[in-house]
Structure formats: C-alpha cells, structure tokens
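Note on naming: letters A, B, ... go to the chains in the order of the sequence lines (proteins, then strands), and numbering restarts at 1 for each one. Note that the coordinates shown come from a computational prediction; the quantities given were computed from them, not determined experimentally.
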Amino acid sequence: MASTPPHCSITATTKRYQNHPYPHSQLKDHRQTHNQNPHQRWTSNQRVSLAKPPLPPSSRNAPKPAAAATTTTTQHPQIHPTFPSFQPPKSELVSDFPGRRSTRFVSKLHFGRPRTTMGTRHTSVAQEALQNVIEYGKDERALENVLLNFESRLSGSDDYVFLLRELGNRGDCKKAICCFEFAVKRERKKNEQGKLASAMISTLGRLGKVEMAKTVFEAALTEGYGNTVYAFSAIISAYGRSGYCNEAIKIFYSMKDYGLKPNLVTYNAVIDACGKGGVEFKRVLEIFDEMLRNGMQPDRITFNSLLAVCSKGGLWEAARSLSCEMVNRGIDQDIFTYNTLLDAVCKGGQLDMAFEIMSEMPAKNILPNVVTYSTMIDGYAKAGRLDDARNLFNEMKFLGISLDRVSYNTLLSIYAKLGRFEEAMDVCREMENSGIRKDVVTYNALLGGYGKQYKYDVVRNVFEEMKARHVSPNLLTYSTLIDVYSKGGLYREAMDVFREFKKAGLKADVVLYSALIDALCKNGLVESAVSLLDEMTKEGIRPNVVTYNSIIDAFGRSATTESVVVDAGQTSELQIESLSSSAVEKATKSLVADREDNQIIKIFGQLAAEKAGQAKNSGGQEMMCILGVFHKMHELEIKPNVVTFSAILNACSRCNSFEEASMLLEELRLFDNQVYGVAHGLLMGYRISLWQSLFDEVKLMDSSTASAFYNALTDMLWHFGQKRGAQLVVLEGKRRQVWENVWSESCLDLHLMSSGAARAMVHAWLLNVRAIVFEGHEVPKLLSILTGWGKHSKVVGDSTLRRAVEALLMGMGAPFRSAKCNLGRLISTGSVVASWLRESGTLKVLVLHDDRTHQENLRFGQISNLQMLQL
DNA sequence: CTAGGGTTAG
C-alpha cells in the first residue's frame with residue numbers, strides 16, 4: 001500500500017490519520033473523534049446523513065440508509081430492453097434538479113489532452129526539425145529558415161503533420177500555423193494538403209483557437225482540399241470543444257451538400273459536441289439513430305459521449321440503460337464509461353446508487369481514480385452529505401491517489417461555500433505545496449465564498465492577488481464579483497468591475513444579466529429589471545428560468561419596500577461609504593464623464609440613486625407587468641421549475657385580494673397542472689389526496705429547495721385563511737423531514753420556516769403537547785420555541801418570524817415568553833403550559849379551520865382530480 | 001472522437 005503523499009494533509013483528521021500504522025482502525029478512530037467534537041464537522045446544519053462506517057477499500061460493502069436503498073439501489077431501475085427508446089423525461093419538477101443548473105458548459109482552462117504523435121509515420125528528420133524549430137524559430141522568418149534547411153530531408157505531409165501537432169502540444173500555435181502554411185504551399189497533392197489541413201484544424205481546436213480553426217477550414221474549402229470527412233470531423237470537434245455546438249451541428253448536416261458521408265469519428269465528434277453544448281438527450285438520440293440507420297457501429301467512445309449527454313441533464317435512468325446497452329453489444333467499458341455514468345447518477349441525485357456502482361468497479365478490473373473520487377465527492381457535497389464526502393476523501397488518500405487541480409478545486413469550493421475559510425486556505429496551501437498553482441476556478445471559488453460572507457475587503461484583496469499573479473479573470477470571475485457587490489449594495493464597486501469587464505472585451509452572458517436583474521429585483525426596481533430583460537433579449541442572449549424566477553419572486557415586494565441592506569459588522573464601513581451621497585455623486589459623475597450609453601451603467605447609477613433615498617416605483621401596475629413576464633416566458637418556451645412555483649405562490653401571498661391571487665395561480669395552471677391542482681384545491685378547501693405524488697417529487701430536491709416550496713405553499717394558504725390546509729402541508733413537510741429537526745417534545749425549532757408554516761406548526765406542536773398532557777404523560781420541565789434570528793428573513797436581524805409567532809401565542813393566551821439571553825427563543829415551564837392546555841377554552845383556539853371548505857361535498861374534490869387527469 | 005471542479009433564482 002502506497003504511503004499517503006505528504007501533500008494530502010488537508011484536514012486535521014487527516015494528519016492524525018497519517019500517524020497510525022493501520023488506516024482502518026484509524027478511520028474508526030477518526031469517526032469517533034469526529035462525533036465527539038461537533039466543531040470539527042464540515043458544517044453545523046448538515047442533513048441527516050447516515051455516516052457510513054468508512055471501511056478500507058478492499059472490504060467496502062456499501063452500507064446504505066434503509067429508506068433510500070429501497071427506492072434506489074436494491075430495486076433495480078427498469079432497464080429498457082428496447083433500446084434506444086428511453087423513458088420520457090421525468091416531471092418538470094425533478095428535471096430541474098440543482099445539479100444541472102449550469103447554463104455554461106465550456107470554459108475550461110485546460111483544453112484536451114495532447115494528441116500523441118507516437119503512432120504517426122514521421123521520420124527521425126522530423127524529430128530533429130522539431131528541436132530546431134523550438135530552439136531557433138524565434139520569429140516567423142527564423143522559423144522559415146529552419147524549415148528551408150530541412151525542406152529537402154523532410155518527407156511529405158506526415159513529417160509536417162508531426163511537426164505542427166507537436167508544436168500544438170507545446171501550446172505554440174503560431175509556430176504550428178507557420179509550419180502548416182509552409183508545408184501546404186509546397187505540397188502539390190490535394191489529399192496531402194487535406195491531411196495537413198485536418199491536422200491543423202484539430203490542433204487549433206484542441207488549443208481552443210476555434211476562430212483560427214475556422215479560418216483554416218474555410219481556406220481549405222476554397223482552395224479545394226478541405227472537403228474531406230477528416231477536415232469536417234476536425235472542425236466539428238473544434239466547435240464542440242469551444243462550446244459552439246450549434247455551429248458543429250450545422251457543419252455536420254452540411255456534409256451531405258459536399259457529398260461527404262460522416263464516419264464513426266464524425267458521429268462521435270458531433271455527439272460529443274452536443275454533450276458539451278448541453279443539447280437535449282432526445283435530440284442527440286436522433287443523431288444516434290441516424291448513425292445506426294446508416295449502418296455505423298457505435299463504439300465505446302460513442303457511448304461514452306452519449307453518457308456525457310446524460311450526465312449534463314442528470315438523466316440517470318437513461319445513463320444506466322446506455323451502460324446496459326454497451327454490455328449487450330459487447331462493447332468494453334472503461335474508466336471513462338464508469339466516471340461518466342457515475343457523474344450522471346450523481347447529478348440525478350442517486351448518490352447511493354452511484355456508490356454502489358463505484359463499489360462494483362474493482363470487480364470489473366477498473367479501479368476508481370482521482371476523477372471517480374472527485375465526481376463522487378462533489379455529488380455528496382452537493383447533496384449535503386458531507387460526512388459521506390469526507391469519508392470518500394479519506395479513502396482516496398488512503399489509497400494513495402493524489403489530488404489534482406480539479407479535486408483540489410472541488411474541495412476548496414466545498415469549504416468556500418460553507419464559509420470555512422481556515423480550511424479553504426489550508427486547501428490552497430496544500431495545492432500550491434504540491435506544485436499546482438491557483439487557477440481561475442480557485443480564485444472564483446474564493447471570491448464567491450468571501451463575497452457570500454460579506455467579506456468585501458478580502459474579496460478585493462483576492463481579486464488583486466489574482467491579477468498580480470497573472471491569472472486572467474474570466475466571465476465567471478466578473479459575474480461573481482458583480483453579483484457579490486450588487487447584492488451587498490456596493491454599486492460603485494459593481495460598476496467598476498463592470499467597466500473592467502467591458503475593457504477585457506468579454507461579452508455579457510445570461511448569468512451576468514441574471515445577476516444584475518436579481519440585484520434590481522432585490523432593490524425593488526422590478527420595472528428596470530424587466531427592461532434589462534428586454535435588453536438582453538435584444539442582444540441575442542436568451543434568458544433562462546433563473547432570470548425569470550428572480551423577476552417573479554420580486555413581484556409585489558417593491559410595494560412593501562423590502563429592500564436589502566445586509567449588515568455585516570466588519571464591512572459596514574464600505575457600505576456606508578457607498579451609501580453616502582458623495583459616493584452617489586461620484587458614481588453619477590463618472591457615469592456622465594464616461595458618457596457611456598450603456599443601460600447597465602445607467603442602472604448602477606439608478607441603484608446608487610435609489611440608495612440615496614429617491615422615491616421608488618410603487619407596485620401599482622405590477623400585475624400587468626408580471627402577467628406580461630409570464631406571457632414572454634411561455635413564448636420563449638422556458639420551462640419553469642419548482643423555484644418558479646415557489647415564487648408564484650409567494651407572489652400570491654403578497655396579493656391583497658383573493659381574485660388577484662387567483663389570476664396568478666392561473667399562470668401556474670398553464671405551467672404545471674399538477675402543482676396548480678394541489679395549490680388551488682387546497683386554497684378552495686377541497687379534500688384532495690393527489691398532493692402526495694406532488695410532494696414525492698419535491699422530496700427529490702435538495703433540502704433548501706424543498707423547504708422553500710413547502711414554506712411558500714403554506715404561507716399562501718395561511719394568508720388566505722386556509723389554516724387547516726396549511727397545517728396539513730406543514731405536517732406533511734415535517735413527516736418528510738423538509739425542515740431538519742423541527743420538532744421534539746421539549747423544543748420546536750422554526751428557524752427554517754416561513755411565518756405561515758411556523759404558525760401552522762405551532763398549533764400542531766401544542767396539540768401534540770396537549771395530547772401528552774391528556775394521556776397522563778409527563779411534560780418536559782422546560783418547553784421552548786426557537787424562531788431564530790430572522791435567518792430566513794431578507795433583512796438580517798429583523799425577525800418577522802419571531803414577531804408573528806409571538807403575536808400568535810399571545811392571541812391564544814399561550815404562556816410563552818422571550819428568553820432573556822436569546823430573543824429568538826420563546827420559553828415556558830412544562831407545568832404552566834400543561835395547566836393552560838387543561839383549560840376548557842384552549843382546545844378551541846388550538847384547532848385550526850379553513851375559511852373555505854367543501855367537506856360536505858366530496859364531489860368537488862373528485863371533479864378537481866378529474867380535471868387534473870384530463871389536462 | 002471520451003470522464004470530474006467554478007457564476008445567476010429559493
């Protein structure tokens with residue numbers, strides 16, 4: 001067993017681990033220490049994750065949480081025998097699992113692995129020429145001289161192909177191009193010129209120089225040596241690699257016009273491009289079908305690329321079917337197959353299944369590598385199962401698998417997101433100690449992490465360090481910074497970043513616009529947000545569901561002037577600075593000085609002005625505005641997800657009249673009849689049972705998404721007097737553990753709940769205590785209700801929840817009082833509460849009722865169900 | 001021609 005590499009000591013537990021001769025017992029030891037010391041946990045509010053006993057890899061037997069196991073692993077999914085007809089996409093709710101949020105697919109730092117020239121038929125002269133070109137070819141002229149010296153001894157295109165490929169592998173595309181031009185000029189045979197062109201295009205593609213590749217390709221076509229399957233395959237691959245998937249597909253379909261028949265490599269390249277471009281699996285299957293129809297035999301790479309398409313969408317069922325199909329067809333599976341499959345299964349949220357698949361790998365003689373581990377670790381981390389992530393991390397180190405750039409960044413982003421900067425810095429140090437420099441991904445993670453913790457001074461320093469170390473900020477860097485600054489109300493800083501971004505010559509994308517739109521929305525400038533939405537559409541940037549969710553979520557908020565000012569002790573000075581009138585003036589002046597006719601700059605100015613206290617737009621015409629937004633969303637065929645539903649439900653809660661809310665709810669009907677049916681049914685007081693399946697789907701979300709939905713639905717019901725309905729929902733949420741540890745006999749923790757949900761829950765909890773009293777059991781000495789410190793509220797410290805719960809308890813005459821040491825905590829002794837519960841009038845105030853009921857007439861419920869089935 | 005990491009909504 002290889003000893004653990006020195007650079008692997010990232011966590012304290014690891015260091016301890018290294019001192020022990022027997023990793024297995026040490027791992028157990030580590031687990032005990034871990035449990036004894038809650039401060040060493042990765043996070044304080046992690047989800048229930050049954051920490052698997054970390055076994056040494058040889059005897060891994062994948063213990064699983066019982067509940068999850070029955071639905072995921074033990075009961076194998078239906079593998080469809082009739083390939084390639086796959087299951088239709090799951091419900092819209094599930095298809096937008098957070099794992100596939102990304103709308104950006106290609107901007108990786110390192111372009112593909114270098115293509116080996118080992119197998120090529122070059123001569124030893126070519127080798128010698130390469131050395132000379134590298135050594136003496138300082139500029140174009142010198143390089144040409146070197147080539148002229150070798151010209152007579154180099155034999156044909158094979159040698160030149162070797163040369164330009166090797167130069168490409170060394171990242172020297174200028175020299176490669178020189179070689180190409182030199183060679184192609186001297187070559188007479190069209191097919192030899194074609195070979196050179198294909199090699200050049202593929203080399204440029206690999207280097208990410210897609211524009212140059214295109215130039216070479218088009219020149220080759222005009223010169224008459226570019227119409228080969230190889231050149232087309234190369235340009236398709238180049239486009240795919242750089243994220244120009246549509247171009248790749250266009251070129252692919254144009255081959256017919258040139259009388260070319262795509263071969264296996266062409267098909268593989270276009271499928272790969274689709275995967276990188278996030279093309280829907282269904283559409284990729286059409287290409288795959290065509291491939292089969294044309295008698296092409298798909299190979300391992302075809303399937304691996306198809307799997308990659310599934311992994312983008314988290315389509316784990318389809319991925320499993322593909323894997324089975326490979327077996328059926330007798331196609332060998334390799335580490336790529338497994339890693340891609342695992343990624344798909346992880347992104348589909350089936351972590352236990354992924355673990356099982358990983359466990360089967362050694363038996364297939366495919367040993368998990370660093371990619372396998374980082375895929376799984378990331379999967380666990382995103383699912384909130386940090387214990388499992390940590391166990392795998394330790395296992396990886398135990399196996400002596402050393403971390404690489406990606407796995408360091410994976411780890412770092414986990415810590416940065418948790419705001420655990422000590423550990424994040426440790427990762428950075430370890431990373432650099434092992435010779436891997438911080439890259440743009442590392443820096444972006446740090447910037448986002450510090451920004452989310454309002455550490456703006458650190459953000460600035462990190463950004464400076466990044467530039468000083470010649471790591472170029474990219475679009476994501478700027479998006480992150482603009483988001484961080486505008487969320488914190490530092491519009492001057494945001495504007496500066498935006499200017500710098502413009503100067504860098506980058507083009508804004510949907511994420512950047514969405515961040516801006518969200519900042520506007522959060523500040524009550526919904527109309528500006530909508531106009532920016534128009535602007536981005538005009539610029540040809542397609543908004544996505546996130547963009548729309550921001551706007552929908554803002555509906556009705558501006559009227560209540562709920563703007564965001566985050567208070568964060570150490571940075572308040574910065575904010576005050578930016579809020580001060582001088583900053584506003586400065587911002588406005590620089591705006592005028594630059595005479596930039598740019599809407600975004602204008603908006604920052606507007607935001608700064610808003611901060612200075614100008615009047616806000618009142619929400620009078622917002623109803624029409626928001627309906628227009630929905631309309632546009634339908635028109636653009638942007639699929640809503642569960643966040644959209646939550647936003648609509650929340651918007652309903654902010655409506656003053658039932659009629660207005662109904663109009664909004666109607667929008668829900670257009671989007672998703674099931675969600676509409678449940679919400680509407682509950683609102684009207686129908687006793688419907690169909691909601692179970694809806695909530696089954698919500699359960700597949702991550703915890704915050706799910707709780708947001710439950711909160712929104714309950715709030716709306718409570719708002720419109722359907723309090724019994726609200727309670728039904730809240731109890732269902734509790735049953736499904738949407739809010740972690742809400743309820744014990746002595747304590748009710750409401751801090752993750754909305755005010756409606758919390759109030760419905762208080763009633764349920766007190767009824768439960770009452771039952772304990774009346775059954776003659778003992779009530780705990782001290783009863784407490786935790787409301788938190790308004791963590792859930794948009795304004796930190798403003799505990800809307802506490803006030804709502806306090807008022808509720810007061811109204812009922814419940815004897816709870818604020819705890820002196822903790823204002824968010826309401827307490828009472830068990831005996832006082834018990835005697836209050838025994839009073840004759842108490843039960844009446846505890847039992848909730850709906851304002852609208854249709855209990856007497858169950859037909860309504862049935863009609864509602866029928867309607868839902870029809871649509 | 002093939003795998004893993006970073007940004008936006010709640």
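Atom pair A:Asp343:CG and B:dG4:C1' shows a separation of 6 Å (rounding to whole Å applied). Per the geometry, CG belonging to A:Asn369 stands 9 Å off C1' belonging to B:dG4, to the nearest Å. Residue A:Asn474 contributes atom CG, which lies 9 Å from atom C1' of B:dT7 at whole-angstrom precision. When rounded to the nearest whole Å, the span between CG of A:Asp332 and C1' of B:dA3 equals 17 Å. Atoms NZ (A:Lys276) and P (B:dC1) sit 9 Å apart, rounded to a whole Å.
Under 4.0 angstrom from either OP1 or OP2 of B:dC1 there lies no side-chain N or O belonging to A:Arg300. OP1 or OP2 of B:dG4 has not a single side-chain nitrogen or oxygen of A:Arg405 nearer than 4.0 Å. Residue A:Lys347 places none of its side-chain N or O atoms closer than 4.0 Å to OP1 or OP2 of B:dA3. Residue A:Lys522 places none of its side-chain N or O atoms closer than 4.0 Å to OP1 or OP2 of B:dT8. Side-chain nitrogen and oxygen atoms of A:Lys312 include none within less than 4.0 Å of the OP1 or OP2 phosphate oxygen of B:dA3.
Nucleic acid contact for A:Ile551: none, since no nucleic acid atom lies under 4.0 Å from a heavy atom of the residue. Base contact: A:Ser407 has a heavy atom under 4.0 Å from a base atom. Heavy atoms of A:Ser374 sit under 4.0 angstrom from at least one base atom. At the heavy-atom level, A:Lys417 lies under 4.0 Å from the strands shown only through sugar-phosphate atoms. If you check every strand for non-hydrogen atoms under 4.0 Å, A:Ser550 touches sugar and phosphate atoms only. Among the atoms of the strands shown, none is found under 4.0 Å from any heavy atom of A:Val270.
Between the side chain of A:Thr375 and the base of B:dG4, no donor-acceptor pair of N or O atoms lies under 3.5 Å. You'll find a donor-acceptor pair under 3.5 Å spanning the side chain of A:Asp404 and the base of B:dG4, going by distance alone. With hydrogens and angles ignored, no donor-acceptor pair under 3.5 angstrom links the side chain of A:Asp334 to the base of B:dA3. Checked by distance alone, A:Ser514 brings a side-chain donor or acceptor within 3.5 Å of a matching partner on the base of B:dT8. On a pure distance criterion of 3.5 Å, a polar donor-acceptor pair joins the side chain of A:Asn641 and the base of B:dA9.
Checked against salt bridge (Lys or Arg N to Asp or Glu O under 4.0 Å), A:Lys632 has the following partners two or more places apart in sequence or in another chain: A:Glu635. For A:Phe421, the ring-ring contact (aromatic ring centres under 6.0 Å, His included) partners are A:Tyr450, not counting sequence neighbours.
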Notebook entry, point to check: Can you check ring-ring contact (aromatic ring centres under 6.0 Å, His included) on A:Phe217 and A:Phe232, steps first, answer last?
Noted result: CA-CA 8 Å; A:Phe217 175 71; A:Phe232 275 75; 5.0 Å; yes

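More than 12 heavy atoms of other residues, nucleotides or ligands shown are found within 6.0 angstrom of CZ on A:Phe501.
Aromatic ring centroids of A:Tyr267 and A:Phe288 lie 6.0 Å or more apart.
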